[in-house]
Enquirer: 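Quick one: structure below, then a few questions.
If you read the sequence from its start, that first residue is 1, and numbering goes on from there.
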Amino acid sequence: SHIAMLGTALSGAIAQAVGEQFCGKVEASWAWFWRDLSGWLVRDLDSLEAGNGEVVVRTWHQVQGLFDVPQLGEIFWKHVNDEAPEQTHIYKLPLKMWGFLLKHIIDMLLLSVTNPERFYEEQFALVIRHIRYGVRAEYLTPMGKAIFSVFEETLGDKWDDRAQACWK
């Protein structure tokens with residue numbers, strides 16, 4: 001209900017600032033934007049309250065306790081190659097370096113949970129780097145599936161419904 005009240009207050013402030021132009025498409029655009037934004041806010045707040053961040057951190061630590069970086073690289077490369085073999089050429093890395101790539105990806109994701117301010121500060125440079133590498137938006141889904149496959153393979157039964165939901 002606090003999010004709804006915030007939306008009403010923001011809508012009123014925008015309407016007051018924009019004046020008569022706050023109607024039709026402008027008002028509909030704001031409603032669409034706020035609906036999506038407030039949905040994300042509610043989801044993130046619910047996730048924080050449920051302790052999902054702790055589950056995410058814990059599962060990654062479990063994986064790191066079971067496998068070293070080069071082993072994870074082999075497992076990760078196998079799953080990326082299974083999901084999207086056309087992507088493996090983008091990362092011209094020796095096989096053992098795929099483990100460092102996975103670690104970097106997961107560390108950045110964990111940063112969003114453990115230090116959101118720093119994560120958002122580093123996000124811009126990360127996006128620019130990936131554009132330079134030739135990474136396209138459609139590469140993200142197979143990469144995410146490959147990461148989930150790494151967790152499933154390395155954690156076995158510990159990769160349960162709760163852990164999967166938290167990572168999603």
Side-chain angles (χ1 to χ4, degrees), residues 2-3 6 32-168:
H2 289 94
I3 299 291
L6 178 60
W32 166 81
F33 174 76
W34 181 251
R35 183 184 63 245
D36 283 0
L37 180 61
S38 64
W40 296 328
L41 287 170
V42 168
R43 185 197 71 219
D44 288 352
L45 289 171
D46 288 347
S47 179
L48 285 170
E49 288 176 3
N52 293 351
E54 289 84 8
V55 173
V56 167
V57 171
R58 184 178 69 244
T59 54
W60 177 235
H61 286 258
Q62 288 171 331
V63 169
Q64 289 182 304
L66 296 169
F67 296 88
D68 63 23
V69 171
Q71 290 171 315
L72 288 173
E74 291 180 29
I75 295 166
F76 184 45
W77 185 88
K78 176 183 73 172
H79 289 294
V80 172
N81 198 49
D82 288 347
E83 289 293 333
E86 70 280 1
Q87 288 187 31
T88 55
H89 77 280
I90 294 170
Y91 305 98
K92 296 175 175 81
L93 303 171
L95 193 55
K96 68 180 183 177
M97 293 302 292
W98 280 82
F100 291 103
L101 176 62
L102 175 66
K103 183 178 180 333
H104 177 71
I105 291 168
I106 300 300
D107 286 347
M108 279 300 293
L109 292 171
L110 294 182
L111 195 59
S112 72
V113 172
T114 59
N115 190 343
E117 294 84 8
R118 185 165 156 226
F119 171 77
Y120 290 115
E121 288 171 6
E122 294 185 20
Q123 193 71 353
F124 179 75
L126 181 70
V127 170
I128 297 300
R129 240 184 358 258
H130 281 75
I131 290 170
R132 287 184 183 147
Y133 295 151
V135 174
R136 298 191 310 251
E138 60 265 20
Y139 291 0
L140 297 178
T141 298
M143 190 66 75
K145 288 179 181 179
I147 290 170
F148 270 43
S149 294
V150 168
F151 280 109
E152 185 176 2
E153 180 176 332
T154 58
L155 290 175
D157 292 343
K158 293 178 183 172
W159 183 243
D160 57 18
D161 292 341
R162 169 115 164 99
Q164 290 179 46
C166 293
W167 275 92
K168 286 182 181 177

Enquirer: Under the side chain to side chain contact (heavy atoms under 4.5 Å, CB included) rule, what do F119 and M108 come out as? Steps first, then yes or no, please.
Expert: CA-CA 7 Å; F119 171 77; M108 279 300 293; 3.9 Å; yes
Enquirer: What distance do S112 atom OG and D107 atom CG have between them, rounded to the nearest 0.5 Å?
Expert: 11.0 Å
Enquirer: How long is the straight-line distance from CZ of R136 back to CD1 of I131, given to the nearest 0.5 Å?
Expert: 13.0 Å
Enquirer: Starting from the C-alpha separation in whole Å, work towards a yes-or-no answer on side chain to side chain contact (heavy atoms under 4.5 Å, CB included) for N52 and R162.
Expert: CA-CA 9 Å; N52 293 351; R162 169 115 164 99; 2.7 Å; yes
Enquirer: Shortest non-hydrogen contact from W60 to K103?
Expert: CZ2-CA, 3.9 Å
Enquirer: Within the 4.5 Å heavy-atom criterion, are W34 and L6 side-chain neighbours or not?
Expert: yes
Enquirer: Please round to the nearest 0.5 Å and tell me the distance separating atom CD1 of I105 and atom CZ of F100.
Expert: 13.5 Å
Enquirer: Identify the two heavy atoms, one from L66 and one from T154, that lie closest to each other, and give their separation to 0.1 Å.
Expert: CD1-O, 3.4 Å
Enquirer: Are more than 12 heavy atoms, taken from residues, nucleotides or ligands other than K78, located less than 6.0 Å from that residue's NZ atom?
Expert: yes
Enquirer: According to side-chain contact (heavy atoms from CB on, under 4.5 Å), who are the partners of Q71, at least two apart in sequence or on a separate chain?
Expert: F67, D68
Enquirer: So, applying side-chain contact (heavy atoms from CB on, under 4.5 Å) with V56, which one of L110, T114, L109 is it?
Expert: L110
Enquirer: Look up atom CH2 in W159 and atom CD in E153, then write down how far apart they are to the nearest 0.5 Å.
Expert: 13.0 Å
Enquirer: Check side-chain contact (heavy atoms from CB on, under 4.5 Å) between Q62 and all other residues, then give those that pass, not counting sequence neighbours.
Expert: R58, T59, L155, K158
Enquirer: Identify the heavy atoms of E83 and S149 that sit nearest to each other, and give their distance.
Expert: OE2-OG, 4.4 Å
Enquirer: Provide the closest heavy-atom pair for V55 versus A163 in the form atom of the first, atom of the second, distance.
Expert: CG1-CA, 3.9 Å
Enquirer: Give me the atom names and distance for the closest heavy-atom approach of P142 to Y139.
Expert: CD-O, 3.4 Å
Enquirer: Start with the C-alpha gap between W167 and I106, add the side-chain angles, then the distance that decides, and say whether side chain to side chain contact (heavy atoms under 4.5 Å, CB included) holds.
Expert: CA-CA 11 Å; W167 275 92; I106 300 300; 3.9 Å; yes
Enquirer: Determine whether E54 and V113 make a side-chain contact, defined as any pair of heavy atoms from C-beta on separated by less than 4.5 Å.
Expert: no
Enquirer: Under a 4.5 Å cut-off applied to non-hydrogen side-chain atoms, are K168 and F148 in contact?
Expert: yes
Enquirer: Using the rule given for side chain to side chain contact (heavy atoms under 4.5 Å, CB included), can you reason through L126 versus H104, listing the C-alpha separation, both sets of side-chain angles and the distance that settles it, and then say yes or no?
Expert: CA-CA 11 Å; L126 181 70; H104 177 71; 4.2 Å; yes
Enquirer: Report the distance from atom CD of Q164 to atom CD of E152, rounding to the nearest 0.5 Å.
Expert: 6.5 Å
Enquirer: With a 4.5 Å heavy-atom cut-off, do F76 and M143 have their side chains touching?
Expert: yes
Enquirer: Supply the atom-to-atom distance L102 CG to M97 CE, rounded to the nearest 0.5 angstrom.
Expert: 12.5 Å
Enquirer: Taking the side chain as C-beta and beyond, is there a heavy-atom pair between L101 and W98 under 4.5 Å?
Expert: yes
Enquirer: Counting only heavy atoms not in R129 (residues, nucleotides, ligands), do more than 12 fall under 6.0 Å from its CZ?
Expert: yes
